[in-house]
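The first residue of the sequence shown is numbered 1, and numbering continues consecutively from there.
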Amino acid sequence: QVQLVESGGGLVQAGGSLRLSCGVSGRTSLMLPMAWFRQAPGREREFVTSLSSTGFTTNYSDSVKGRFTVSRDNTRKTLYLQMNSLKPEDTAVYYCAASIRGGVPTSRTTYEYWGQGTQVTVSS
């Protein structure tokens with residue numbers, strides 16, 4: 001089993017920045033592909049970004065490309081999401097996820113482990 005715990009959410013004005021963290025525990029001897037998803041009220045959970053187990057390969061949704069940066073520190077067992085130039089439409093609960101499959105998946109159905117989420121609210 002793998003446990004994921006997100007932190008770092010909060011309220012920020014449009015144009016501001018936040019950094020989310022996701023701590024990994026459990027079967028951490030495995031280096032797994034990981035991702036961030038988000039879910040706004042009344043909407044489906046959507047892909048934000050994913051990162052290979054080594055951290056060398058990434059995917060980003062078009063809506064965040066150029067503004068968000070995903071990274072990981074495997075020695076600290078932590079996944080990060082640096083969010084810059086935030087917009088009100090970025091408001092959502094952000095979830096980190098881990099997959100036991102290879103590659104850098106973007107579909108939420110390929111992720112077996114999920115955190116509880118952290119709220120990000122961007123005011124206009």
Side-chain angles (χ1 to χ4, degrees):
Q1 289 292 326
V2 174
Q3 291 80 42
L4 307 175
V5 179
E6 302 95 337
S7 62
L11 173 65
V12 64
Q13 289 188 331
S17 298
L18 279 175
R19 187 175 83 154
L20 305 183
S21 299
C22 175
V24 183
S25 61
R27 293 181 62 188
T28 56
S29 60
L30 297 175
M31 291 199 301
L32 304 173
M34 298 190 69
W36 290 97
F37 288 77
R38 66 186 182 186
Q39 187 166 17
R43 301 186 65 176
E44 291 190 355
R45 193 169 299 187
E46 66 174 3
F47 170 78
V48 175
T49 180
S50 58
L51 182 67
S52 64
S53 59
T54 60
F56 292 149
T57 304
T58 58
N59 280 316
Y60 291 93
S61 69
D62 289 342
S63 61
V64 307
K65 198 172 295 182
R67 299 187 298 122
F68 291 10
T69 303
V70 65
S71 62
R72 66 192 297 163
D73 184 337
N74 286 337
T75 60
R76 295 179 182 268
K77 300 181 177 60
T78 304
L79 177 73
Y80 301 100
L81 181 64
Q82 178 66 42
M83 305 185 295
N84 298 328
S85 303
L86 282 161
K87 305 175 181 180
E89 51 263 44
D90 294 318
T91 295
V93 177
Y94 283 70
Y95 299 89
C96 69
S99 174
I100 62 174
R101 311 180 198 199
V104 195
T106 62
S107 170
R108 65 180 180 179
T109 60
T110 61
Y111 287 87
E112 293 81 11
Y113 302 104
W114 293 85
Q116 294 299 308
T118 185
Q119 176 70 47
V120 171
T121 304
V122 184
S123 63
S124 57

Query raised in the report: In terms of hydrophobic clusters joined by side-chain contacts under 4.5 Å, are V120 and V70 together?
Result: yes
Query - Partners meeting side chain to side chain donor-acceptor pair (under 3.5 Å) with S85 (sequence neighbours left out) - result: none
Report task. Please report the shortest heavy-atom distance between T118 and G9, naming the atom on each side. Result -> OG1-N, 3.2 Å
Report task. With rounding to the nearest 0.5 Å, note down the distance linking CG in L18 to OG1 in T121. Result -> 9.5 Å
Query - Side-chain touch P33/R101, heavy atoms, less than 4.5 angstrom - result: no
Requested in this report: Determine the minimum heavy-atom distance between S107 and F37, stating which atoms define it.
Outcome: C-CZ, 4.0 Å
Query raised in the report: Same hydrophobic cluster for W114 and L79, using side-chain heavy-atom links shorter than 4.5 Å among ILVMFWY?
Result: no
Report task. Would you indicate whether the side-chain heavy atoms of V2 and V24 approach each other to under 4.5 Å? Result -> yes
Report task. Would you kindly confirm whether Y95 and L4 end up in one hydrophobic cluster when ILVMFWY residues are joined by side chain heavy atoms under 4.5 Å apart? Result -> no
Query raised in the report: Is L32 close to S99 at the side-chain level, that is, under 4.5 Å between some pair of heavy atoms?
Result: no
Query raised in the report: Which heavy atom of N84 sits nearest a heavy atom of S17, and at what distance?
Result: OD1-OG, 2.9 Å
Requested in this report: Let me see the working for M83 and L20 under side chain to side chain contact (heavy atoms under 4.5 Å, CB included), right down to the final yes or no.
Outcome: CA-CA 8 Å; M83 305 185 295; L20 305 183; 3.8 Å; yes
Requested in this report: Taking the side chain as every heavy atom from C-beta outward, state whether T91 and Q119 have any atom pair closer than 4.5 Å.
Outcome: yes
Query - E6 vs Y94 side-chain heavy atoms within contact, under 4.5 Å - result: no
**Report entry** Reported OG1-to-CG distance for the pair T57 and L51, which is rounded to 0.5 angstrom
**Finding:** 8.0 Å
Query raised in the report: Is the closest side-chain heavy-atom distance between L86 and F68 below 4.5 Å?
Result: yes
Requested in this report: Determine, step by step, whether D62 and K65 satisfy the salt bridge (charged side-chain N to carboxylate O under 4.0 Å, His left out) criterion, reporting the C-alpha distance in whole Å, the side-chain angles of both residues, the deciding distance to 0.1 Å, and the verdict.
Outcome: CA-CA 5 Å; D62 289 342; K65 198 172 295 182; 3.4 Å; yes
Query raised in the report: Could you walk me through whether S25 and K77 pass the side chain to side chain contact (heavy atoms under 4.5 Å, CB included) check?
Result: CA-CA 7 Å; S25 61; K77 300 181 177 60; over 6 Å; no
Query raised in the report: Rounded to the nearest 0.5 Å, what separation is found between the CE atom of M34 and the OG atom of S50?
Result: 11.5 Å
Query raised in the report: How long is the gap from CD1 on I100 to CD on E112, to the nearest 0.5 Å?
Result: 4.0 Å
Query raised in the report: What's the spacing between E44 CD and Q39 CD if we round to 0.5 Å?
Result: 8.0 Å
Report summary line: For F56, the hydrophobic cluster (side chain heavy atoms closer than 4.5 Å, chained through members) also holds none
Requested in this report: Determine the minimum heavy-atom distance between R38 and S63, stating which atoms define it.
Outcome: NH2-OG, 3.4 Å
Query raised in the report: Do V12 and W36 belong to the same hydrophobic cluster, where Ile, Leu, Val, Met, Phe, Trp and Tyr are linked whenever their side-chain heavy atoms lie under 4.5 Å apart, directly or via other members?
Result: yes
Report task. Sort out for me which residue in N74, T78, D73 forms a side-chain hydrogen bond (donor to acceptor under 3.5 Å, both in side chains) with R76. Result -> D73
Query raised in the report: Rounded to the nearest 0.5 Å, how far does SG of C96 lie from CD of Q116?
Result: 10.0 Å
**Report entry** Exercise: identify the closest heavy-atom pair between T49 and N59
**Finding:** OG1-O, 2.7 Å
Query raised in the report: If two hydrophobic side chains count as joined below 4.5 Å and joins carry through other members, does L81 share a cluster with F47?
Result: no
